[in-house]
K.L.:
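Quick one: the structure is below, and I'll ask about it shortly.
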Amino acid sequence: MATSQTETSKAEISKGHRIGVYPGTFDPITNGHMDIIQRAARQVDHLIIGVARNAGKGPLYSTDERVAMVREDVAGLNAGGASIEVRAFDNLLMHFAIEMNARVIIRGLRAVSDFEYEFQMAGMNARLNPKVETIFLMSSEKHQFISSRFVKEIGRLGGDIRHFVSARVAERLAERFALEAGNGTVPTTSQT
């Protein structure tokens with residue numbers, strides 16, 4: 001089982017540990033994300049899931065809500081001995097990785113269309129700090145088509161999303177969409 005940590009100090013993670021960051025918006029976290037998290041945990045001793053505040057993407061959930069959802073979903077994950085921590089961040093990804101003493105940034109790839117953007121971002125990150133490597137993990141076959149955006153669209157239109165997200169996340173989405181349908185607006189979310 002994963003050792004869930006909320007705020008791990010640098011001193012608590014010994015120098016010999018391999019620390020990796022898996023960043024994303026996670027609005028909401030999907031089974032595809034969970035697949036990458038589980039596989040990423042096998043590559044490092046300590047995995048930090050970085051939940052980007054990213055107000056520019058117009059998230060459905062506040063940062064605090066997204067952090068809570070990710071923590072709930074990873075709480076029971078078999079991480080093969082790796083510890084997993086969930087943190088929000090609102091600075092440059094490379095700065096966040098350096099703050100966390102990470103030597104690896106983990107990115108998931110779903111399709112060829114993801115590759116060009118991710119390749120460019122990895123190149124820029126390497127220029128910013130060549131000591132931090134980017135590792136790409138291909139989505140497993142059954143998760144390649146899942147995206148948070150599609151999950152929200154399907155859920156908002158009354159489709160069954162239980163195959164794409166955990167039961168907890170499906171319930172949260174149903175509640176949010178019920179509120180949205182009841183008054184015609186999405187409840188405002190603060191980015192705290």
K.L.:
Does a side-chain N-to-carboxylate-O contact under 4.0 Å join Glu65 and Arg176?
P.N.:
yes
K.L.:
Counting only pairs under 3.5 Å, give me each side-chain donor-acceptor contact of residues 126-137, with atom names and distances, residues two or more places apart or in other chains.
P.N.:
from, atom 1, to, atom 2, distance (Å)
Asn129, OD1, Lys131, N, 2.9

K.L.:
Pair Arg172, Glu72 - check salt bridge (charged side-chain N to carboxylate O under 4.0 Å, His left out), show working.
P.N.:
CA-CA 12 Å; Arg172 281 184 178 230; Glu72 288 170 4; 3.0 Å; yes
K.L.:
For a quick test of reading the model, state the closest non-hydrogen atom pair linking Ala170 to Ile161 and the distance between them.
P.N.:
CA-CD1, 4.1 Å
K.L.:
Taking ring pair (Phe, Tyr, Trp, His ring centres under 6.0 Å) as the definition, give me every residue that meets it alongside Phe119, ordered by chain and number, with sequence neighbours left out.
P.N.:
Phe115
K.L.:
If hydrophobic clusters are built from ILVMFWY residues whose side chains come within less than 4.5 Å, do Leu93 and Tyr117 share one?
P.N.:
no
K.L.:
How long is the straight-line distance from CG of Leu109 back to OG of Ser139, given to the nearest 0.5 Å?
P.N.:
7.5 Å
K.L.:
Answer yes if Val74 and Val104 sit in the same cluster of Ile, Leu, Val, Met, Phe, Trp and Tyr residues linked by side chain heavy atoms under 4.5 Å apart, and no otherwise.
P.N.:
yes
K.L.:
Once ring pair (Phe, Tyr, Trp, His ring centres under 6.0 Å) is applied, what residue pairs with a partner in residues 74-99 remain, sequence neighbours excluded?
P.N.:
Phe89-Phe96
K.L.:
Any chain of hydrophobic side-chain contacts (each under 4.5 Å) joining Val165 to Ile154?
P.N.:
yes
K.L.:
Identify every side-chain donor-acceptor pair in residues 19-38 under 3.5 Å, counting partners at least two apart or on other chains, and give the distances.
P.N.:
from, atom 1, to, atom 2, distance (Å)
Asp27, OD1, Leu60, N, 3.3
Asp27, OD1, Tyr61, N, 3.1
Asp27, OD2, Leu60, N, 2.6
Asp27, OD2, Lys152, NZ, 2.9
Thr30, OG1, Gly32, N, 3.2
Thr30, OG1, His33, N, 3.2
Thr30, OG1, His33, ND1, 3.2
Asn31, ND2, His163, O, 3.0
His33, ND1, Thr30, N, 2.9
Asp35, OD2, Arg39, NH1, 3.0
Asp35, OD2, Ser140, N, 3.3
Asp35, OD2, Ser140, OG, 3.2
Gln38, NE2, Asn78, O, 3.0

K.L.:
Which residues satisfy the side chain to side chain donor-acceptor pair (under 3.5 Å) test with Gln43, sequence neighbours excluded?
P.N.:
none
K.L.:
Side-chain heavy atoms nearer than 4.5 Å, only ILVMFWY residues, links allowed to pass through others: does that put Ile146 and Leu77 together?
P.N.:
yes
K.L.:
Suppose the criterion is salt bridge (charged side-chain N to carboxylate O under 4.0 Å, His left out): which pairs have a residue in residues 160-170, not counting sequence neighbours?
P.N.:
Asp73-Arg168, Asp160-Arg162
K.L.:
Got a sec, which residues hit salt bridge (Lys or Arg N to Asp or Glu O under 4.0 Å) with Glu118, two or more places apart in sequence or on another chain?
P.N.:
Arg107
K.L.:
State which residues pass side-chain contact (heavy atoms from CB on, under 4.5 Å) with Phe150; sequence neighbours excluded, sorted by chain then number.
P.N.:
Ser147, Glu153
K.L.:
Is it true that Met69 and Phe177 fall in one hydrophobic cluster, defined by side-chain heavy atoms closer than 4.5 Å?
P.N.:
yes
K.L.:
Listed by chain and number, what are the side-chain contact (heavy atoms from CB on, under 4.5 Å) partners of Met124, not counting sequence neighbours?
P.N.:
none
